[in-house]
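A quick note: this is a predicted structure, and the numbers were derived from the prediction, not measured. Worth knowing before you read on, the calculation uses all heavy atoms, side chains too, and leaves out hydrogens, waters and symmetry mates.
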Amino acid sequence: MNPRLFCRERSYHKALLLTYSFDPIFFEQVVLPDLWAGRSSDILVLGDENQIAASTQAASGQLWHLGKQYLLAGAKHVGAFHPKVMLRLGPKDGAIMLGSGNVTSSGWGGNQEIATAWMLGPDHADEGGWLHGFLDHVLSWCGGEIEADAVRRMKDVPWLSLTPAALDDAPPILHSWESRALGPTLAARWAGRQFDEIKILTGSTDEAGAFLRWANTTFGITRATVALTPSAASFSPEKLADLPLDVRVIAAPAERRLHAKLYWFDGADGPAAVMGSANCSAAAWLLPPSQGGNVETVVVYDAPKDEEFASALMLFSIPAQTPAEVLVPRPDQGQDRQASKNAFELASLHWDSSSRFLHAEIRPAPSADMTVDLVIGATHRTMTRSASSNGVWQCELPEGIGAATMFAAAHVRRGDTCWVTGARWINDLSALQHASQSARLLEPFKGLERSGSSAEQRQMLDELNEVAQALFNDAASFRDPGFGSDRRDESKGDEQPAAPVNPHDLICHLEESPVSLPHFGSPHAGSLSLTGILRLLFEAETDENTDSAAAQDEQLDEGQLPDDSEKQETKKKSEKERAEPRDGAIEARFRERLAAQIDTFLKELSSATFAERCTATQMVQAVSFPLAVALRGQRRGWVSGELAEKWALEIFSILFRGAGAGGLLHVVEKRYADSGHQSTFGDVVGDGTLWLVLVATLGNADWRGVGTDVDKALALREVFTAPQLVASAQSGRIAGLLGKIRIEDAHAYITEIAPKVSRLLNEIESLLAPVWNAEMQGQTERSITHKVGHLLWRENVGWAICLADTEARSGQAIKVRLRGLEKAVMVGYYINVTELAGRRPDLARPLDELREAASRSLADEPNSNSL
């Protein structure tokens with residue numbers, strides 16, 4: 001199968017590529033755009049450590065996406081890491097391609113290769129239960145936590161997590177691992193079977209033909225025909241002559257190097273076959289990885305059909321010759337894999353934009369009498385040893401790491417002696433985290449803003465529902481900051497906690513110190529690192545490249561890029577379409593289905609179960625989901641303004657009222673504080689992003705009904721002054737966010753209305769506090785009537801709205817709206833602020849200003865700051 005078409009199959013958000021050699025430039029120019037076209041964005045490439053180091057250093061300065069849009073790592077294995085696998089997983093099923101080709105231009109068309117692909121999942125012949133064991137072994141090959149996290153996210157896809165592990169003795173693939181080599185595993189599978197002949201396609205060989213001897217001993221093979229490229233083979237004719245079987249060799253045509261690996265067994269009991277990464281050598285088949293053997297992957301065919309392998313077996317129509325007639329003398333190609341290693345190596349470099357620190361893992365760990373400098377280009381940074389992990393060093397990089405992939409080396413010194421490591425790329429943890437979520441979380445929202453057929457509208461709703469399910473069930477995809485680093489709350493030691501951020505001071509800084517607007521996703525200082533659904537509430541998707549390779553699939557051919565002649569015109573057209581949405585009716589049944597889906601989502605969000613188990617990151621993303629649907633859905637008629645407002649009010653109620661005492665926000669904060677992770681909660685929830693979104697959303701809502709102007713004012717103050725939402729906020733970041741937020745008039749609500757409402761409420765309450773007790777008694781004695789819409793207040797309890805006329809002396813309960821809920825309260829428990837304001841001009845003035853500010857409409861004002 002064409003590997004490019006395999007990569008461009010849609011709906012598989014996660015991709016794992018296992019390879020021996022890796023060409024990063026080819027990957028970024030061809031493979032990565034194809035994966036993006038197939039909506040894969042959570043991408044891990046695991047390759048041979050030596051090969052990865054050599055190829056990436058050679059490509060330094062020519063890469064843009066390494067460590068930002070995909071994760072690359074060398075496998076933790078002493079021998080050759082030699083598998084060739086592409087595994088793609090989506091929420092409903094998966095697909096796998098396995099063969100002989102590496103992730104290089106040669107492996108994708110330059111060589112003669114062989115591969116096969118199939119679907120797996122609950123609705124396919126291969127249910128995929130064997131993936132549990134396979135991915136566990138992939139985990140064992142991961143040397144770092146961030147690649148291990150990527151594998152865990154794959155294990156957590158919904159369908160796979162619900163599929164029981166297969167106990168079948170005949171899985172579709174075999175792989176070598178730890179103390180288990182391929183040969184003994186295949187022998188156990190075909191125990192009792194005997195064959196007469198074997199035909200082999202191979203890319204390379206060992207000298208003595210150890211596999212051939214093993215095949216004779218294990219399966220009774222007496223004849224072997226091996227097709228190969230002579231210059232790539234290490235067979236010794238003399239040693240082959242000592243084998244207890246007849247060996248013939250075919251020289252493959254010289255136009256393209258033969259790199260395919262196929263083993264066709266035949267005999268009286270019928271054929272069997274093996275195809276994959278394993279060459280004809282002892283290292284591939286007989287030595288277990290724990291003893292320096294290769295890690296290999298192969299597909300086993302217990303009863304293959306000749307016609308299915310006809311194209312591969314055609315090569316055996318060429319007359320075979322003796323080994324001496326075909327093989328050419330070949331210089332010794334052996335090399336000590338360890339010989340070229342430096343005394344120290346950079347095992348990983350991770351940039352944490354939230355802390356502005358870069359973390360370097362150095363192997364072996366430098367001793368206590370050594371110093372370490374990090375060299376990035378012409379810049380030298382002195383590093384300090386991390387207190388939490390031996391071998392990990394860190395330094396601050398206030399200026400960031402640049403837009404392209406950056407490389408760095410470490411200088412380890414002791415006295416006058418200096419050891420220099422090889423250069424290694426820097427992983428941008430925030431960018432990788434966003435990339436891991438982008439296709440699955442963001443792509444479905446695009447359907448809310450474009451016309452589509454009934455089938456396309458239905459598919460969009462299905463995909464949005466999958467996003468909702470992921471937000472509740474896939475905690476592994478919403479881990480808190482510290483992703484791949486050694487950051488822990490306890491590393492702060494005995495530091496005193498920072499003083500709470502005053503939102504009024506924050507607003508003053510915004511007005512006094514205007515700053516330039518940073519770019520989203522930029523690695524420079526002051527950049528706005530927004531991940532997942534939060535990005536949808538801001539102008540943050542312009543840097544997405546996931547559609548760059550999506551055109552002209554039907555013209556795709558082996559090794560040939562799609563025609564990009566109309567690329568610029570297509571880009572201009574798409575930008576125009578975003579600015580001017582196309583006409584097209586949204587079917588009422590689909591609008592109703594979307595509303596029902598969000599109602600179900602909000603019920604789940606308000607549940608105690610979610611509050612008890614969600615991560616802080618998961619909570620923020622889940623809260624953003626209905627707001628993003630409302631924002632995007634109103635443009636094309638999916639969501640009405642009234643429905644959007646209803647969802648926003650429910651979000652506010654869930655955060656501050658529901659899901660336990662104090663609301664979801666308080667419950668999750670307390671859980672983090674109790675477990676010693678308060679600062680992590682502050683970093684995630686308190687950076688000001690959610691605060692800004694909620695204040696702007698509530699301010700922009702047109703609340704209707706009796707007394708809702710005061711309800712709105714109270715809600716605005718509660719969000720505006722919530723300390724959890726601004727615990728780690730910085731004025732520069734807030735200024736940048738305000739410049740990008742999609743919510744209309746957000747700047748005015750943040751900088752003018754919310755502060756004014758908060759100030760007026762405080763002023764009113766300061767006037768009420770000294771008199772409320774005496775006034776409550778006086779109002780009862782005068783037997784006033786509490787009328788619909790009157791404002792009631794009690795110290796330490798707060799505000800209520802009267803919903804039915806009630807006499808103060810009647811003894812009846814007063815029907816009120818208290819904290820958004822209708823309740824009955826005792827007469828004589830609250831004072832009637834409206835009645836009091838009629839006698840107190842000093843109270844009437846701020847009360848009138850409060851109502852005016854809370855109900856203020858900015859849309860028609862010429863001086864409003866409409867964003």
Could you check whether R535 and H434, counting side-chain N and O atoms only, form a donor-acceptor pair closer than 3.5 Å? yes
Distance col, row M406:CE vs D428:CG, nearest 0.5 angstrom, shows 11.5 Å
For H65 and W36, take the angle between the two ring planes, folded into 0 to 90°, and tell me which bin it lands in: parallel under 30, tilted 30 to 60, perpendicular over 60. perpendicular
Presence of salt bridge, E669 and R671, under 4.0 angstrom: no
Is any side-chain N of the basic residue among K92 and E466 closer than 4.0 Å to the acidic one's carboxylate O? yes
How are the rings of F81 and W141 set relative to one another: parallel (under 30°), tilted (30 to 60°) or perpendicular (over 60°)? perpendicular
side-chain contact (heavy atoms from CB on, under 4.5 Å), that's the test. Do V157 and L160 meet it? Break it down for me. CA-CA 6 Å; V157 294; L160 183 56; 3.5 Å; yes
Side chains of D42 and Y70: donor-acceptor distance under 3.5 Å anywhere? no
Closest approach of L63 to A404 (non-hydrogen atoms, all atoms of both residues): O-CB, 3.7 Å
So, are R152 and D156 salt-bridged, with charged N and O less than 4.0 Å apart? no
By the definition side chain to side chain contact (heavy atoms under 4.5 Å, CB included), identify the one residue from K14, E463, H13 that meets it with P91. H13
Just say parallel, tilted or perpendicular for the rings of F625 and F601, cut-offs at 30° and 60°. tilted
CG/L18 to CG/D48 distance, rounded to the nearest 0.5 angstrom? 12.0 Å
Electrostatic pair E449:K446 at N-O distance under 4.0 angstrom: no
